[in-house]
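Below is one structure, written out as structure tokens, with a few remarks after it.
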2 protein chains.
Amino acid sequence: MKEGPDIAQIGALIGDPARANMLAALTGGRALTATELAGVGGITVQTASTHLAKLEAGGLLAQRKQGRHRYFTLADEAVARLIESMMGFAAGRGHLRHQPGPKEPALRKARICYDHLAGDYGVRMLDSLIASSSIEAVGEGLALTEKGESDLKRIGIDVSDLRSSRRPLCRSCLDWSERRAHLAGSLGKALLSSFLDKGWARRTAESRSILFSPEGDRQFLKLFPVDA
Amino acid sequence: MKEGPDIAQIGALIGDPARANMLAALTGGRALTATELAGVGGITVQTASTHLAKLEAGGLLAQRKQGRHRYFTLADEAVARLIESMMGFAAGRGHLRHQPGPKEPALRKARICYDHLAGDYGVRMLDSLIASSSIEAVGEGLALTEKGESDLKRIGIDVSDLRSSRRPLCRSCLDWSERRAHLAGSLGKALLSSFLDKGWARRTAESRSILFSPEGDRQFLKLFPVDA
DNA sequence: GCGATGCTTCGGTTACGATCGAACTATGAA
DNA sequence: TTCATAGTTCGATCGTAACCGAAGCATCGC
């Protein structure tokens with residue numbers, strides 16, 4: 001009889017519509033902020049915060065603090081699989097859900113994240129900078145090498161200017177579409193700014209996506225190659 | 001944002017402790033009555049009834065009416081798999097549950113079901129009677145053949161006596177430990193009574209299990225053989 | 001017909017949890 | 001320092017759902 005609160009607990013966690021929407025949104029493997037998740041769940045940030053705390057306490061979510069943001073992800077692979085299987089089950093019962101839709105591939109390619117470049121291009125840029133020894137990973141953080149400093153000067157970015165700011169120069173930022181790190185910090189901001197200044201790319205009015213011009217695209221890919 | 005009530009709905013269904021316990025109890029594949037499930041859930045029958053109605057409406061349960069009993073089972077294989085996977089997940093999170101325990105194998109072998117024989121022996125008996133053409137399936141029900149009637153007379157059961165009762169002679173009863181049908185009805189009752197009268201078996205005080213004596217065991221197996 | 005049993009429905013209580021406004025903490029930028 | 005943004009915590013409200021007693025059906029066996 002007394003078998004203890006077992007599947008009931010996780011069932012209840014998933015059983016709230018707001019939480020279910022949050023979890024569904026996170027099943028893509030992307031990390032989202034509390035505010036974004038509040039939007040997904042259709043609730044205020046306060047409410048979302050308590051929901052997220054419960055989900056974390058229940059072991060379904062993990063959070064990663066990053067500046068003033070707090071990125072939430074599913075705790076691990078097992079959670080994703082559970083959610084996926086429940087979604088599959090629900091779909092089989094006839095509760096066919098609204099499909100995610102086209103989902104703006106442009107947003108996945110390149111978009112603004114706070115003030116720096118994110119998406120496929122953002123991840124690619126950091127990968128390339130590390131591959132060329134311009135940036136190296138130091139523990140959890142990132143550090144600019146001397147080679148990197150001179151390379152950047154050549155494309156018009158004066159790092160000494162950036163050092164005057166109290167903001168860290170390099171910082172790793174979790175990319176929610178690629179689920180890998182891209183470059184944040186004042187250097188990340190400076191790089192994006194230079195792309196925009198050079199006319200390689202421009203921001204869009206409504207969306208967070210960054211649109212590269214054909215020429216800018218060419219230049220960017222040349223500047224940050226991905227070697228085999 | 002609006003993705004519809006999807007996994008939240010089944011999550012909520014599973015999220016109630018009483019319902020979760022019921023579902024867990026049914027995951028063994030056995031069919032249980034509302035009263036039994038109420039016991040499992042630690043609630044009254046009324047409450048259990050509403051829970052069961054919800055689970056059925058949600059497509060998780062199916063019920064099969066049988067006389068004044070109502071046997072509930074998981075709707076299908078998919079439900080069982082979902083519950084199993086959730087239990088596995090929960091166990092992995094550290095919510096290790098109380099193990100079902102030894103579970104009285106005697107109860108699975110032979111027990112009383114209302115007034116007839118159930119369990120492995122009950123199922124075996126009906127199988128054997130059908131195999132020997134003593135009973136044949138007619139639509140949903142069961143019917144005694146002439147051969148069956150004479151065979152039974154030989155072991156001391158006068159069917160004409162039984163016919164005088166308004167109670168059906170043969171009835172199929174879902175066995176919850178075997179998940180297959182066994183013989184109910186006045187004939188099922190008569191058969192069990194004869195076993196008890198002959199001293200082949202006896203009821204136990206506390207449990208519902210039927211204990212066969214070594215000799216009774218031998219006789220029963222000889223009388224109701226299972227052919228290859 | 002009768003009483004007994006298994007289960008559902010109705011009515012009303014109670015309790016828990018989702019929700020948000022407002023206040024508080026923390027980080028970042030100037 | 002000051003302002004702005006991101007999140008959490010507090011407090012209180014409100015709805016909903018779980019729960020049970022009691023009454024109502026349905027089925028069985030006599």
Side-chain angles (χ1 to χ4, degrees), chain A residues 5 8-9 11-13 15-22 32-39 41-58 61 63-72 113-116 162 164-169 171 173 184-186 188-189, chain B residues 5 8-9 11-13 15-22 31-39 41-58 61 63-72 113-116 162 164-169 171 173 184-186 188-190:
Chain A
Q9 204 167 349
L13 282 175
D16 181 83
R19 285 196 291 261
N21 282 335
M22 291 175 170
L32 297 174
T33 66
T35 305
E36 288 172 314
L37 287 168
I43 48 180
T44 62
V45 234
Q46 308 95 287
T47 308
S49 183
T50 64
H51 280 316
L52 291 168
K54 284 178 186 175
L55 287 170
E56 196 182 359
L61 290 191
Q63 65 168 291
R64 176 173 158 180
K65 232 175 137 181
Q66 190 145 129
R68 41 183 162 179
H69 292 278
R70 214 157 262 203
Y71 280 93
F72 289 88
C113 172
Y114 193 36
D115 58 6
H116 53 268
L162 300 176
S164 63
S165 162
R166 222 175 311 168
R167 184 179 181 188
L169 191 64
R171 186 160 277 193
C173 178
S186 59
K189 177 183 181 179
Chain B
Q9 204 167 349
L13 282 175
D16 181 85
R19 285 195 293 259
N21 282 335
M22 292 175 171
L32 297 174
T33 65
T35 305
E36 288 172 314
L37 287 168
I43 49 180
T44 62
V45 233
Q46 311 94 288
T47 308
S49 182
T50 64
H51 280 315
L52 291 168
K54 284 178 187 175
L55 287 171
E56 197 183 0
L61 291 189
Q63 65 167 291
R64 176 173 156 179
K65 234 175 136 180
Q66 190 143 128
R68 39 184 162 179
H69 293 276
R70 213 157 264 203
Y71 281 93
F72 289 88
C113 172
Y114 192 36
D115 58 6
H116 54 267
L162 300 176
S164 63
S165 162
R166 222 174 311 169
R167 184 180 182 187
L169 192 63
R171 186 161 278 192
C173 177
S186 59
K189 177 182 182 181

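Here the structure is a predicted model, which is why all the values come from computation and not from measurement. In the text below, chain A, chain B and the rest are named by the order of the sequence lines, each starting its count at 1.
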Is the shortest side-chain N/O distance from B/Thr33 to OP1 or OP2 of C/dG6 below 4.0 Å?
-> no
For DNA chain D, find the residues of residues 49-57 of chain B with a heavy-atom distance under 4.0 Å and give them by number; none if there aren't any.
-> B/His51, B/Lys54
Mind calculating the distance between CE (A/Met22) and P (C/dA18) to the nearest angstrom?
-> 11 Å
Pair of N/O donor and acceptor under 3.5 Å linking D/dG7 base with A/Gln46 side chain = no
Of all heavy-atom pairs linking B/Leu37 and B/Phe72, the shortest is CD1-CB, 3.8 Å
Separation of A/Arg70 atom CZ from C/dT25 atom P, in whole Å?
-> 15 Å
Look at the side chain of A/Phe72 and decide which nucleotide, out of C/dT19, D/dA18, D/dT8, has an atom nearest to it.
-> D/dT8
Please state how far atom CD1 in A/Ile43 lies from atom C1' in D/dT8, giving the value in whole angstrom units.
-> 14 Å
Separation of atom CG in B/Asn21 from atom P in D/dC19, rounded to whole Å = 11 Å
Give the rounded distance in Å between these two atoms: CD of A/Glu36 and C1' of D/dA6.
-> 12 Å
Rounded to the nearest Å, what distance is computed from the CG atom of residue B/Asp16 to the C1' atom of nucleotide D/dC19?
-> 10 Å
Give a yes/no answer on whether the side chain of B/Arg68 brings an N or O atom under 4.0 Å of OP1 or OP2 in D/dG29.
-> no
Phosphate contact (C/dC20 OP1 or OP2) by A/Thr44 side-chain N/O below 4.0 Å = yes
note: A/Leu162, atom CG; C/dA30, atom P; distance rounded to Å ~ 12 Å
Nearest-0.5 Å distance that lies between atom CG in B/Leu55 and atom CZ in B/Arg19 = 6.0 Å
Among C/dG21, C/dG6, C/dT27, the nucleotide that comes nearest once only the side chain of A/Lys65 is considered | C/dT27
Just how far, in rounded Å, is P of C/dT8 from NE2 of B/His69?
-> 13 Å
Locate the shortest heavy-atom distance separating B/Met22 from B/Ala48; write the atom from each residue and the value.
-> CE-CB, 3.5 Å
Which pair of heavy atoms, one from A/Gly58 and one from A/Leu13, lies closest together, and at what distance?
-> CA-CD1, 3.9 Å
